[in-house]
Structure formats: C-alpha cells, structure tokens
Undergrad: 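Handing you a structure now.
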Amino acid sequence: MATERYNAREVEARWQKTWNDKDVFVTHNDDPRDKYYVLEMFPYPSGRIHMGHVRNYAMGDVVARFKRAKGFNVLHPMGWDAFGMPAENAAMQNKVHPKDWTYENIATMREQLKIMGLSLDWSREFATCDVAYYKQQQALFLKFLEAGLVYRKNAKVNWDPVDMTVLANEQVIDGRGWRSGALVEQRELTQWFFKISDYSEDLLEAIETLDRWPDKVRLMQKNWIGRSEGLRVRFEFIEAAPTGDTTLEIFTTRPDTLYGASFMGLSPDHPISVKLAETNPELKDFIDECRRVGTSEEAIEKAEKKGIDTGLKVKHPLDASIELPVYVANFILMDYGTGAIFACPAHDQRDLDFARKYDLSVKPVVLPKDADPATFEIGDEAYTDDGTIFNSDFMSGMTIADAKNAVADKLEAIKVEDGPQAERQVNYRLRDWGISRQRYWGCPIPVIHCDDCGVVPEKDENLPVQLPDDINFDKPGNPLDRHPTWRDTTCPNCGKPAKRETDTMDTFVDSSWYFARFTAPDCDQPTDPKAATDWLPVDQYIGGIEHAILHLLYSRFFTRAMQKVGALDLKEPFKGLFTQGMVTHETYRRGGDGSNGEWVSPAEIKIEEKNGQRTASMLDSGETVSIGSIEKMSKSKKNTVDPTDIIDTYGADTARWFMLSDSPPERDVIWTEDGVQGAWRFVQRVWRLIGEIAEKTEPRNSSVPAMSQKAEDLRRAAHKTLAAVSNDLEGLGFNRAVARLYELVNTLSKAFNEGLEDQGKEYAVRETVDYLVQMMAPMMPHLAEECWSALGHDSLISEAAWPEADPSLLTEDTVTYPIQINGKRRGELSISKEASKEEVEAATLALDYVQKALDGKSPKKLIVVPQRIVNVVV
RNA sequence: GCGGGCGUGGUGGAACUGGUAGACACAAGGGACUUAAAAUCCCUCGGCCCUAGGCUGUACGGGUUCGAGUCCCGUCGCCCGCACCA
C-alpha cells in the first residue's frame, strides 16, 4: 500500500458517504455538552459556487471540526439567501420561472458544497424563498408592526422609469439605472420602514461589547450610525414664512460660532422651500434641478455650492438687531437634522464657498492659537481647528467646548413664543430602514389596503401570504401589481373587498434572522425562543467584509427587535466575527501589452517561462496573450477558476488546504496553479509517509516507554506543534497552522528515515503521526480519515477528541541564550533552564568572544532576560 | 475632504506582550536517479566583502531603548470605508 497513489476522488466520496450514513454532523438541541455555533454567511444561489465560497466554507469547516474535536456540541448549518433580483432578471432574459431557476441553482450548489466534505448539518437546511420560512418572516413582521417597530411614510426613492421599480443607491450608476440605463428620478413613494433609529444609541454603545469583531468593522458601524451632539435652535422670522411658520428651526453642532452667522440655509426639500416654489418659478426650477442630481454620486461632492435668496429674513437669537437672509441651498440635506442650517462661513468650508459666491459676510469667531485678533482674516479656507472664541460677546475668550455649553445654557433659558429658543439634541446619521421593494421575488408584506379601514395587518391564521406562481415578466414592473386575482382579497377587519400590498420585502430582511431560524428550523413559530436563546449568539461568524455595515447592522437591529417581541432573549447575534479576504487571480487579455483585447480565462491559455520572463499564449491558436494585474475573481474579467474542476483534478482536500495555506485568512489570497500543485504534492507526500509508517511500525500500546534523546526530540516536536496548532486554530491562524504542519512532516520524515533503532523511537513516530493526522483533520478531513484508518484506528477521526499536549514536553531542560554584545548577536550560550541569573552572567562572561570584547575591563551593563536573551554592554 | 489600515527576499508570507529578522511554502538555479520525461530525493537561494567570519539590511528620515520589523514624530507610496451629516 505504501506505493499506492492517493486517489482523492475515490477516497473523498467514500468518507462523505460514511459521514452521511452515520449522521456524524447532525446536531441535537438537547445535547448536554457546551454549545458552539459556527456559521458562514449563507450563499445566494446564483448558479454555481465560486472560489470565494470555497474559502469561506473551508474556514468555517475547520472551526466546526476543531470545536467538535474539542468536545463542543457544534451547530454548523447551511441555507440559501434565495430571494432577489437575479432570479427575476433570469426570468426576463430566459423565460424561466424565478422559483424554478432558484431551486435548480440550489440543487446544483448543494451538490457542489457536498463534494467539499463540509461538516454541515444538512437536516437544518432551508432557503429563504421556502414558503415555510417566509411565512414566519411575515409573522415576525406583524409582531414588529404591533410593537411599533414598523411604520409607513412617504420617502424619496430612486425610481427607474423604464423598469418601473425602486433602485437601491448602489444600483444607480452615474444617475442611470444599472439595468435599463434610464435616467433615474427621485420619486416620493409610500414605503414601509423598520424603526432601526429607535436603537441608534443602543447599537452604537453595544459596539464596545463586540470585542471579537474586527476593529475595522466596529469603526465602520460607528461612523455609519454617526452620533453627533448639538443644539436645535429656533430663529424667529421677521415676517412669517408662507407656510405660516414664525420660527425656523435648525440643528447645529457648532453653536459656539453663532456670532459668526451670516445666512440661513434651507434644503430644497424643506417644506418652506417647497411652498415658496409654488409662487416662484425660478426657485421651482432650481429645486427640480437639485432633485435631478442623484443622492449617491461623488459628483455631488464636486458640485458647486448654489442657492437662491428667498427674501425671508430671521433675527439672530443672541442679538435681535442682526437680521440674517434665508437661502435655499443645494448642499443641505432634508433628512439630516431639521433640513435647515445657520451658516458660519468663517468656520465651515461649504458655508464659505457659498458666502464667497453670493458675497455674504464672513466673520471669524474662533481665533487660532498665536493669531492676532486685529489682523486674523479668512481667505479661501475656513478655519475649522481648535482655538479661542472671540468677536462673540459673552463667549469671547472661552474654549470651543466651554462656549458650546455657555450658549446652550443661555438659549435654553430664553423663551420664544411657546418654547425655549434652543434645546440640546443628539443627532444620528442612521436612518430608518426602508424595506419596500416593487418586486415579485421577495417576501410579500402581509398587509391589506381597505378603503374603509385603511392599512390592516393580515391575520396570523391567514399566513402565509403566498406568492402566486402564475405570473409573467412580459412587461416591466412588478408582476404582483398586474396579477388579475392575487391582489383581491377581503379586509380582515370589516370583511369588505380589499387589496393586498404588492410590495415585497428587501432581501436583507431575509438574512437578518436566518441564523436564529437555524436553531429550530421546523418550529411553527418564527423561533423557538428557548432554542434561539440557548444557541445564540453565533460564536464564530465568517463572511466577507462587504457586509460590514448593512447585513451586520440589520441583524443586530433584528435581534433587538426579536427580543422586544419575545422571539429570543439577547441583543447581539454574533459574538465573534471574522471577515475573510477575497480570492484573486491574474487577468489575461488577447494581444500584446496594452492592447486591451478581450478578456480570456486561465483555462484557455498556457504560460511559459523563459529567462525569468513569463509569457502567455492561447492554447488553441498560439495567439499572444498579455498578462495583466491580479484582481478579484469575476466573470467579467474571466479570471475565475471553477471549484468543481479543481476538486475533480486534485480533490477537495487539496483545494481546502491551498485556500488555508500561505495567505492570512483576512487578506486576499492569490489563486495560482503552482500553489494548488504544491498543496497536492503535500497530500501525496503525507499519504506516502503515513503508508510507510503504518507498514513498518506497530500502533502504540498504552504506556510511554523509556526514550532515547532522538525519540524524545521527536516527541517534543510533536507536542510543541500540537500546542501551537491548537492555539493557531483557536485564533483562526490557518496559514500558521499549515506552516507548522509542513514543518512537523519534515521533522517526522527525517526522523523516520533515520531508522527506528533508538529506544522509544517507534513509539515516538507513532505518536507523532497520530497527532499529525489529527491536526490535519479539520483542514483535510478525507485524507485524515484515510490515514487514520490506515494507521489501524477503527474509529472516525471526525469523532475523535482533540489530543492535549503534555506540558512537560513543551519546555526544554536547557535554554539556548543568544548572546548580544552591544545589541548585536555574537553567539549562543546553552545552559540549564534552572540556572540563576548570576550563573547565566558568569557563564556569559566566561565566553571567549565576550572576554575578547571586554578586553580585560568589566562590562558597563549586563542584561539577562530570563529564558530569552543576554546583552553585554561594553 | 474626513476616518482607518498597510509597507519585511524574485513571490505569498513567519517573527506571542520590544529580545537570534526571513519560519513554512512557491518560483528559480545546481545535482542524484532515469534511455528520456514525470514523480521523488539532495544542495543553494536578501545584499556586500576573499574564506573562517564579518559588514549591512524590515518604504525613507529622525527619536526613545542595553536592544526596534514591532513604540513615538515626520516624509513618501499603496489600499479600504464614508462622502455636502451642518
């Protein structure tokens, strides 16, 4: 058998069958052991799995298998994020039903995942488009509605007039719909919203508790929530606005600069602006122009600050003799603060640009350190740094922080008409989550519109509101809208004929609670609160950084909302989060360098190396191909490698091993053919070595025999590796674990080839090889099972307990100190581990090169760091 | 613009809280075996100096320290996030 080549295809299929037959990875909720929930972000069933999935699921599987071996009751489920636009696009392009398309893709991808040998509990699988799942999602929606967490309001949306649908900001490219290419309009639509803003403060504060999340993601969420403290100030109009308002309310974070006020700014969408436009054509045109420019383009940033004087004026709240003009300005957002500002051009760049254009006053009120108040002037750049307040009456001389407090205290005490002039306020950037989508392939929003009763929630017992199957995509827009009968229903309240809501939910809703559903996937409620609370939080969640904000923030909100309605009892769904890097590959295009020819795939070309120069050509025609930059694998650049092809050629273990080696998991990995072959050679090498060992040695009997030095050295290496690899896997340092296993194979191979004569050697070899196989098992489970069996074990390695390193073998009896002279390494000193500091010093000073360096003098300083290093300062 | 991160051989990357820089792998070169190829095995592999050995070296310039890839300041370069948030 030692000469047999390892046949991955045959071996992998065999072990997968065994695992499946024995239900090795099926998890039970009533298992008394400590729980561990490991989850990878579930895939969208786009058609086939890609290398990014392989990397993601390989990592999760290592964690799952490792924790299982460590004795945990591991939950490791898989499902499908199955609603969404690609299914509708496929329906339009290929005349397939979105449902058929989706379930066919799921079937394909499930088989692909299965040949990877993932230790998943497939009995818990579901797709978010399963009626059973979205029924429960509708039930949750109704509970949220009842709890006041859902509401309807008019909102501005990106509207594609050709496809007749709302587009997300990311789907608007250069002001045009990404599919239709039509100019996107801003439309007011009545939309459903989740009140995520109720939790702004909680979501922000709790970020501090997420200590097993990447700092980067935590920071991104903090910035996204965007807390700022400021003051809401009311300015009295000299003459009431046409809306009847007698005061203009603004929000500012810089009330300390109030004496630098030059003008007021209104958003084009501010009610006063809109009212004024009714009688002012010039203003109307301006507002229309502002709306045409999208909301999400960076071009906005470059856009010139523009505005129109409304003719309205307000009184300065601290000095009634000052009158300030009111402008409608294009740079003011309606949905932040109150949609109106006071402008202090001296200390805000946007305000300054505007003031310079319209020749408005610029009065500095913050003096930089060391500047002269008599001569300090503002040029083209606003002064936004720290300083001392001046030109500001009672605030003059104060720090910015003190002035903010002083002015807030003062204005809060002043009464204007029915209330205080100002109030301290905390503002957040986070907006409520608009979930209405004018699409078919999503979870129907379970409400009914009744002429008499208004918006009425569907009754629980009438759920699910099921998607109709008989739809067509001949016309653009939402097929639910024009379905002849589906909309028609009766009002749950009064029983009269009524219409169903035709909007479906944003697919991010589907993925905001699937992790909870996995804990009791067949429950006839959205969750089994006990199971959800017992299993959650997810101990290790793994996925791409692209979900740093939306999915992860929505899920955090959902968990709080589910807690509020009693579906579970915790706030944070994901205790540990890991964001893995992308899989990248070289790109290739037809023609020589710089020719910009069409992209070609790695499978279509061959690469040759001459004199260190790599050149590529087409496999079929020999045509020159230029080698381009390394990019994320994508269909458009054709630099993808199909996981199935790799697994067919080399086996799943090789693909998994390569994915985990070399690059740290959080960083991008470059997929190379050489790299895969290296992994494959390692698989063969391990198999050969273990075959020989199995042939020439006997399994260990229970007691450790007396050890020769060589045997003991091998044992020490094995135990040290075991300790290190355990630590690496605990911290998701897969690349380090891989390196250490390479090292151990090198050590073992050498020791074994030197012969087995030394006392205890056979035992040491067997022990090392057992550990080696166990350490490999989470990463290359099939090879590990095959080796385990070849070594005479009759148990499954997938069910074996993780070995513990013997602490006495982790430390040496002697320490080798590097000896430095003036910080430069000059030699080594081997001495007993127990040696005292004095003994180490004496031994160091006795070394001939130390003597020589000292030249008869005594050292200036002698530093001994126990167990570490010695430094002699001459 | 604001916020954050990174910069180590030909390449991917090791180096725990400051303590022997370059583990491990890939590529390359040389050799063994072979009729040949593949596979496998052995050797070399940051730069400089003639070797023993030494000098130098972690983007660049300074600093702290007995000792800096690691800490601090500045410069350059690359990457990511947010984007008129008052």
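Throughout, protein chains are lettered first and strands after them, A, B, ... in sequence-line order, and every chain is numbered starting at 1. Everything numeric here is computed off the predicted structure, so don't read it as measured data.
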Undergrad: Is there a donor and acceptor pair, one atom on the side chain of R868(A) and one on the base of rC16(B), closer than 3.5 Å?
TA: yes
Undergrad: rG5(B), OP1 or OP2 - any side-chain N/O from R218(A) closer than 4.0 Å?
TA: no
Undergrad: For rU58(B), give the paired nucleotide (Watson-Crick: N1-N3 plus N6-O4 or O6-N4; G-U: N1-O2 and O6-N3; both under 3.5 Å), or none.
TA: none
Undergrad: Sticking with atom P, work out how far rG63(B) lies from rG67(B), rounded to a whole angstrom.
TA: 12 Å
Undergrad: Considering only NZ, NE, NH1 and NH2 on the basic side and carboxylate oxygens on the acidic side, decide whether D713(A) and R716(A) come within less than 4.0 Å.
TA: no
Undergrad: Only one of T384(A), I400(A), D385(A) clears side-chain contact (heavy atoms from CB on, under 4.5 Å) with V366(A); which?
TA: I400(A)
Undergrad: Centres of the W671(A) and F658(A) rings: under 6.0 Å?
TA: yes
Undergrad: Side-chain N or O of Y336(A) less than 4.0 angstrom from OP1 or OP2 on rA86(B)?
TA: yes
Undergrad: Provide the distance between the two C1' atoms, one in rC60(B) and one in rC78(B), to the nearest whole Å.
TA: 15 Å
Undergrad: Given the P atoms of rC48(B) and rC41(B), what is the spacing between them in whole Å?
TA: 31 Å
Undergrad: Choose from rC55(B), rC82(B), rA23(B) the nucleotide whose nearest atom is closest to any side-chain atom of W224(A).
TA: rC82(B)
Undergrad: When the P atoms of rG29(B) and rC82(B) are compared, how many Å lie between them, rounded to an integer?
TA: 45 Å
Undergrad: Both distances under 3.5 Å, Watson-Crick or G-U wobble: report the partner of rG67(B), or none.
TA: none
Undergrad: Taking any strand in view, what nucleotide pairs with rC26(B) in a Watson-Crick or G-U wobble way, both distances under 3.5 Å?
TA: rG10(B)
Undergrad: Return the pairing partner of rG81(B) with a 3.5 Å limit on both distances, Watson-Crick or G-U wobble; otherwise return none.
TA: rC2(B)
Undergrad: Should rA52(B) form a Watson-Crick or G-U wobble pair with both distances under 3.5 Å, which nucleotide is its partner?
TA: none
Undergrad: Looking at N735(A), I'd like to know whether one of its side-chain N or O atoms comes within less than 4.0 Å of OP1 or OP2 on rA14(B).
TA: yes
Undergrad: Please state the P separation for the pair rG9(B) and rG22(B) - nearest whole angstrom.
TA: 14 Å
Undergrad: Under 3.5 Å, is there an N or O donor on one side and an acceptor on the other linking the side chain of K860(A) and the base of rC66(B)?
TA: no
Undergrad: Please give the distance between the P atoms of rC66(B) and rC79(B) as a whole number of Å.
TA: 40 Å
Undergrad: Taking the six-membered ring for Trp, are F354(A) and Y327(A) ring centroids under 6.0 Å apart?
TA: yes
Undergrad: Just checking R740(A): base, sugar-phosphate only, or nothing, at a heavy-atom cut-off of under 4.0 Å?
TA: nothing
Undergrad: Measure the shortest side-chain to side-chain distance between S749(A) and R685(A) over non-hydrogen atoms and say whether it is less than 4.5 angstrom.
TA: yes
Undergrad: Checking base pairs now: Watson-Crick or wobble, both atom distances under 3.5 Å. What partners rU40(B)?
TA: rA32(B)
Undergrad: Does a side-chain N-to-carboxylate-O contact under 4.0 Å join K404(A) and E229(A)?
TA: no
Undergrad: For a side-chain hydrogen bond (donor to acceptor under 3.5 Å, both in side chains) check, start with the C-alpha distance between D432(A) and S197(A), then their side-chain angles and the critical distance, and finish with the verdict.
TA: CA-CA 5 Å; D432(A) 278 334; S197(A) 64; 2.7 Å; yes
Undergrad: When you measure from every atom of RNA chain B, which of residues 667-677 of chain A have a heavy atom less than 4.0 Å away?
TA: R667(A), D674(A)
Undergrad: Under 4.0 angstrom, heavy atoms only, what part of the nucleic acid is S661(A) near: base, sugar-phosphate, or nothing?
TA: nothing
Undergrad: One thing to verify: whether R234(A) and E423(A) come together as a salt bridge, which I'm taking to mean a side-chain N less than 4.0 angstrom from a carboxylate O.
TA: no
Undergrad: Which part of the nucleic acid, if any, lies within reach of F251(A) when heavy atoms closer than 4.0 Å are counted: base, sugar-phosphate only, or nothing?
TA: base
Undergrad: Taking rG69(B) as the reference, what is the distance to rA15(B) when you measure between their P atoms (whole Å, please)?
TA: 16 Å
Undergrad: Anti or syn, where syn is a glycosidic angle within 90° of 0; which label fits rG74(B)?
TA: anti
Undergrad: I'd like the P distance from rG61(B) over to rU8(B), given in whole Å.
TA: 16 Å
Undergrad: For a quick test of reading the model: is some side-chain N or O of R736(A) closer than 4.0 Å to OP1 or OP2 of rA15(B)?
TA: yes
Undergrad: With a 4.0 Å limit, can you tell me whether R685(A) has a side-chain N or O closer than that to the phosphate oxygens OP1/OP2 of rA39(B)?
TA: no
Undergrad: Does R826(A) use its side chain to pair, donor to acceptor, with the backbone of V850(A) at less than 3.5 Å?
TA: no
